[in-house]
Amino acid sequence: MKSLSILLTAALFCLKVSKGSETPQQVFMGNSTTSASNCFPALDFPVPKAPGRPPAQWWCSPSDTNGFLGFTYETDGCQSASTLLADFTRMRNDYKARYVRLYGWCDDQGTYLNNVIQAAYSAGLGVYFTIWFGFDGGNAWIRRRDLIIGIVRKNPFAPYVVRSIDVGSEPLYDWALQPPQAVADQIKFVRSQVGPFGIQVSISEMQYGYSVQGPSQMVLDAEDVVHAHELAFFDKDAKTGADAGPSLISSTKWFVSKTNNTRKIIFTQTGWPTNTKVWKGNSPKAVASLESTKAFAKLLDDSCETFKGITPLGGVGWFWHIWSDSMLEGWGVLDQSGKPKWTFAPRTSC
Ligand SMILES: *[C@@H]1O[C@H](CO)[C@@H](O)[C@H](O)[C@H]1NC(C)=O
Ligand SMILES: *[C@@H]1O[C@H](CO)[C@@H](O)[C@H](O)[C@H]1NC(C)=O
């Protein structure tokens with residue numbers, strides 16, 4: 001059933017492409033390999049005008065993926081199609097991003113998310129979608145969930161761009177859905193809708209989130225992949241970014257053990273602030289400064305081999321939280337005017 005749907009999707013897609021195009025398309029149906037570079041979104045993969053192969057033969061394998069993946073990108077600003085393309089292209093060209101993770105919500109009928117898919121494909125980025133709950137309860141998330149599912153079904157590029165869908169960013173910690181079984185049930189429901197397109201489903205959550213509502217193992221069990229928040233700045237004993245190693249290792253090991261060493265571990269939110277204008281730390285010794293931020297970025301780079309040694313499936317991939325200070329003051333790689341705060345040149349493999 002699963003492979004049938006994928007084939008069907010691919011076939012429909014080819015039909016659509018060949019109908020709509022004037023020039024002959026390169027079609028790789030049937031027999032392509034996914035070696036480290038002949039796959040999306042490898043840094044040296046020349047993205048064709050149309051995918052021309054089934055999604056199962058399109059994506060780079062998680063086992064070949066580690067190091068810096070890309071940035072979290074806040075979507076409340078409903079950026080225009082041209083801004084999306086400019087930002088995504090800059091992420092790829094200047095920082096070697098391979099993915100972009102959406103955070104927040106642009107409340108329209110789907111134009112924005114379709115523009116994201118188009119811009120990401122053009123820039124060569126995969127996308128991590130987030131079903132956004134917001135912070136004030138309500139049922140808007142159901143409409144958002146169904147909008148995303150509808151886009152995955154209707155937009156022929158979606159299975160080639162959308163790598164994963166998170167049922168919320170910290171939904172356990174925020175009590176967005178209660179009890180934890182309800183979160184697990186939603187993961188399963190969304191997967192029943194998008195799994196046939198090869199899209200992974202999880203939640204984006206910190207270790208602590210899995211204890212606030214009581215036992216939440218069923219949520220971890222339901223996830224295709226672990227999407228962990230590693231914000232060591234908020235630890236009770238936080239000092240500088242350079243000192244955060246033990247915190248990252250301990251939390252990573254916790255996720256590995258709770259998923260029996262069987263799930264890929266991605267840090268969907270990690271970073272360190274250069275100031276405390278939005279949030280103070282929970283430790284009086286936590287240092288928010290450019291030096292501390294740079295040290296944390298270096299720690300992530302230096303830990304690549306260590307992470308690879310303690311996690312399954314090729315090690316940890318991580319997203320820097322966040323793209324720009326205009327999205328979250330203090331946490332961006334770019335300042336409020338869009339200039340880099342430091343030379344951020346993270347490692348993309350180890
Ligand atoms: C697919 O690749 C395999 C291994 O390289 C090769 O043996 C086979 O003939 C190919 N099949 C087609 C249809 O090209
Ligand atoms: C891990 O193993 C425990 C004990 O057998 C089991 O209850 C749990 O469902 C497993 N979880 C995963 C993600 O494999």
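Keep in mind that the numbers below use all heavy atoms, side chains included, and drop hydrogens, waters and symmetry copies. Counting convention: from 1, in listed order, for ligands and their atoms alike. Residue numbers count from 1 along this sequence.
- Inside a 4.0 Å radius of atom 10 (C) of ligand 2 there is at least one protein heavy atom.
- Distance screen at 4.0 Å: atom 5 (O) of ligand 2 has no protein heavy-atom neighbour inside the cut-off.
- Here the protein heavy atom with the shortest distance to atom 7 (O) of ligand 2 is Asp221 OD2, 4.7 Å.
- Side-chain N or O atoms of Thr72 include none that pairs as donor or acceptor with a backbone N or O of Arg101 at under 3.5 Å.
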Start with the C-alpha gap between Leu290 and Lys341, add the side-chain angles, then the distance that decides, and say whether side-chain contact (heavy atoms from CB on, under 4.5 Å) holds.
-> CA-CA 8 Å; Leu290 186 57; Lys341 285 150 80 176; 4.2 Å; yes
Could you please spell out the steps behind the ring-ring contact (aromatic ring centres under 6.0 Å, His included) verdict for Trp323 and Phe71?
-> CA-CA 5 Å; Trp323 173 236; Phe71 299 94; 4.8 Å; yes
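- Note: Tyr210 and Trp254 have tilted aromatic rings, judged against thresholds of 30 and 60 degrees for the angle between ring planes.
- The protein non-hydrogen atom at the shortest distance from atom 3 (C) of ligand 2 is Asn260 ND2, 3.7 Å.
- Separation of the His227 and Tyr128 ring centroids falls under the 6.0 Å cut-off.
- For Glu223, the heavy-atom gap to ligand 2 stays at 4.0 angstrom or more.
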